[in-house]
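This is a predicted model, so every value here is computed, not measured.
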Number of protein chains: 2
Amino acid sequence: MSRVVIVGGGFAGLNAAKALGGRKGVDVLLLDRQNHHLFSPLLYQVAMAGLSPADIAAPIRSMLSEYGNIRVLLAEVSAVDPSRSVLHGDIGEVPYDYLLLCCGSTQSYFGHDEWKAYAPSLKTLEDATNIRAKVLLAFEEAERIVDKDERRKFLTFVIVGGGPTGVELAGAIGEMSRFTLARDFKSIDAKSARVLLIEAGPRILPSFSEEQAAQAVRDLEHLGVHVWTSSSVTSIDADGVAIGKERVHAGTVVWAAGVNASPLGKTLGADVDRQGRVVVEPDLSVKAHPNVFVAGDLALYTHQTGAPLPGTAPVAMQQGRHVGRTILRDLRGEPRQPFHFVDKGQMATIGRSRAITQIGGLKLSGFPAWLMWLAVHIYYLAGFKNRLLVVLQWAWSYVTFSRGARLIVGKGTRSSR
Amino acid sequence: MSRVVIVGGGFAGLNAAKALGGRKGVDVLLLDRQNHHLFSPLLYQVAMAGLSPADIAAPIRSMLSEYGNIRVLLAEVSAVDPSRSVLHGDIGEVPYDYLLLCCGSTQSYFGHDEWKAYAPSLKTLEDATNIRAKVLLAFEEAERIVDKDERRKFLTFVIVGGGPTGVELAGAIGEMSRFTLARDFKSIDAKSARVLLIEAGPRILPSFSEEQAAQAVRDLEHLGVHVWTSSSVTSIDADGVAIGKERVHAGTVVWAAGVNASPLGKTLGADVDRQGRVVVEPDLSVKAHPNVFVAGDLALYTHQTGAPLPGTAPVAMQQGRHVGRTILRDLRGEPRQPFHFVDKGQMATIGRSRAITQIGGLKLSGFPAWLMWLAVHIYYLAGFKNRLLVVLQWAWSYVTFSRGARLIVGKGTRSSR
């Protein structure tokens with residue numbers, strides 16, 4: 001009986017586990033520090049009060065409960081010792097025959113960790129509910145404040161980073177203030193909210209074509225979002241951000257700029273890049289340790305195009321599945337196959353009715369792209385029990401322009417009654 | 001133009017505001033320290049992972065946005081000065097012509113505030129998500145632990161207080177471990193969880209008849225809950241509770257025993273009882289201050305039966321509406337009417353398919369009572385946009401015995417990835 005240990009219950013880990021689930025000759029132990037798998041492409045919707053945490057997350061334990069050969073434990077892993085084939089963590093020493101490390105990435109502040117206190121990033125459900133509380137409380141503060149400059153500060157929202165997450169956050173804040181909140185506030189004009197999307201590079205959405213990025217800029221501006229490119233943030237504090245000599249007073253700053261791979265990768269002793277991603281072989285194993293695999297955001301896979309594959313859900317899902325199948329091949333005595341990513345395209349939404357999608361040679365924008373985005377995300381949410389609820393809630397929000405989940409709960413809240 | 005200030009957006013405040021909404025001659029300002037109204041009778045469902053926070057809460061601001069004469073502000077009120085007709089709070093001094101205080105109650109630990117750290121109570125959404133995290137993490141801990149005694153400790157759940165909240169919590173934990181979690185855990189037998197409901201008085205549910213309370217005890221035992229009556233908790237610490245000389249090792253203790261009225265009531269200078277409830281006149285005003293009203297859990301109303309009315313949602317709703325109408329009568333120069341509570345009965349659920357209800361002379365138990373409970377709660381949730389979702393989620397949970405909302409988020413969580 002081969003013992004497979006999977007660290008991380010994200011897209012890679014879950015798909016590897018499913019590939020191994022119910023198979024003879026393998027015992028799987030999946031470790032994660034959270035009890036839930038997160039459908040992270042929709043995390044910004046939770047941050048923007050469009051969805052509830054339960055709509056995009058499900059307990060890993062119950063997602064895998066049908067498989068008798070898979071055990072799930074809540075655990076924090078601190079290091080890997082590939083020479084002895086053991087893991088170290090808060091549940092002691094864990095031996096393995098095969099290991100899959102897929103514990104993802106964390107936000108990187110490019111060496112300015114002091115910015116984190118003022119500009120939260122969006123990686124976990126907790127981050128999402130905190131950002132939601134921050135954004136909603138900014139409108140509440142503005143409604144209470146009489147001083148015009150202070151009010152303007154609270155109605156200014158800065159998103160740092162023009163990748164898909166930054167674009168989706170900025171679009172959602174723009175839309176929320178224009179359509180959802182506008183009628184709820186009496187003293188302030190919620191529509192006067194100012195949303196800035198700040199990108200250090202020459203344009204936003206560099207993974208899309210120039211035309212599509214330009215279309216996204218126009219769609220964002222339609223929602224009241226100002227896009228500042230070639231603008232590097234030089235400091236962030238409680239009053240806002242500085243871009244060189246220019247200062248923007250803002251009550252809310254959200255960081256969507258860079259990522260670092262999980263520090264666990266470095267404990268393998270293998271080659272890592274500047275972001276901490278582990279260099280993997282064509283079969284996703286680690287050099288000199290054919291029984292250790294890395295997948296998802298933590299892996300640096302360059303064998304297909306020369307450039308690293310992006311840290312997206314489709315890459316993680318396909319890599320996880322590949323590792324699961326590779327282990328089964330090993331057990332059957334068959335040769336390993338190299339991993340090959342099948343690119344099904346990419347998409348980003350702007351507000352609730354526009355998107356840009358790029359699928360092979362087909363590029364769409366506007367409402368047709370949004371419909372495609374919706375269809376794809378409903379399809380991928382299919383693993384979630386509450387898929388029907390998500391669809392209904394979306395449909396409802398879309399028709400009524402209301403936000404069912406517009407609650408302030410958690411850290412951001414004032415003391416409870 | 002009369003300025004009406006309402007402190008608290010619970011059942012009383014919301015119903016008073018609605019009675020005054022759109023009426024000529026009144027300007028309403030509603031203050032709350034939370035941005036949401038909470039359907040508190042279902043709070044235990046959030047704590048037990050059956051519902052999501054958004055299912056039972058809605059932003060006060062949007063619930064009242066249709067009324068042009070109502071303003072809602074997030075504010076913390078610290079004192080009332082009825083001699084000058086002003087409030088003091090974090091938004092400065094607020095003058096009023098009419099005041100309605102309806103800021104509810106907090107949990108009381110009977111002078112043992114040090115117990116709070118080990119035995120959280122259930123009053124807010126944050127409390128609910130924290131208790132949920134605590135209960136779910138206890139099962140996760142038990143799955144990790146090898147030592148038998150430690151494991152037994154984490155699988156022991158103590159609920160202190162045999163009123164409706166305690167009964168509903170105990171029933172839900174019993175049911176969750178028997179039916180929902182049982183198949184998810186591989187090492188532990190989730191069914192072996194031990195749930196104790198501890199009540200100091202001679203029986204649980206004293207507001208119900210003896211027969212109904214006895215039926216509830218049998219229903220609870222069917223779900224694996226042990227009911228200990230005439231048992232006073234003498235200490236609570238990280239290892240569990242003591243009842244006199246007896247010690248119960250428990251990983252989770254929840255406090256549902258007593259309430260104190262909001263401390264704001266005392267600042268009125270009127271008579272208060274031991275729990276801090278404000279003694280009100282037959283029209284719900286405060287003696288010597290006919291323009292100041294108190295309603296809901298904060299009011300001590302004894303004019304109808306001699307005994308105080310209970311601190312329930314129906315009492316708060318009817319009192320709030322009565323205060324709103326009384327203010328309109330004043331403005332029209334009509335005489336005030338005394339408040340009269342129309343008792344429509346009471347109900348408590350035990351698990352997901354049993355309940356006890358008492359409506360006038362009609363007493364029901366078991367499944368018929370549960371159906372009635374369901375119908376009444378769906379009816380009262382009607383003010384919420386997401387009513388359809390709640391019904392669907394319930395129906396889904398009921399059929400599949402799964403828990404869509406079984407997520408650990410917030411304080412209880414380990415550090416996020």
Between [atom1] on residue [X] and [atom2] on residue [Y], distance to nearest 0.5 Å:
X      : Y      : atom1 : atom2 : answer
A:R71  : B:E143 : CZ    : CD    : 5.5 Å
A:S187 : B:L73  : OG    : CG    : 6.5 Å
B:L64  : A:D184 : CG    : CG    : 9.5 Å

| query | Any sub-3.5 Å donor-acceptor pair from A:K186's side-chain atoms to B:G68's backbone N or O? | reply | no
| said: Any heavy-atom pair between the side chains of B:R144 and A:D90 that's under 4.5 Å? | reply: yes
| task | Tell me, for B:I145 versus chain A, whether the close heavy atoms (under 4.5 Å) come from the side chain, the backbone, both or neither. | result | neither
| message | If I measure from the heavy atoms of chain A, does B:F139 come under 4.5 Å with its side chain, its backbone, both, or neither? | response | neither
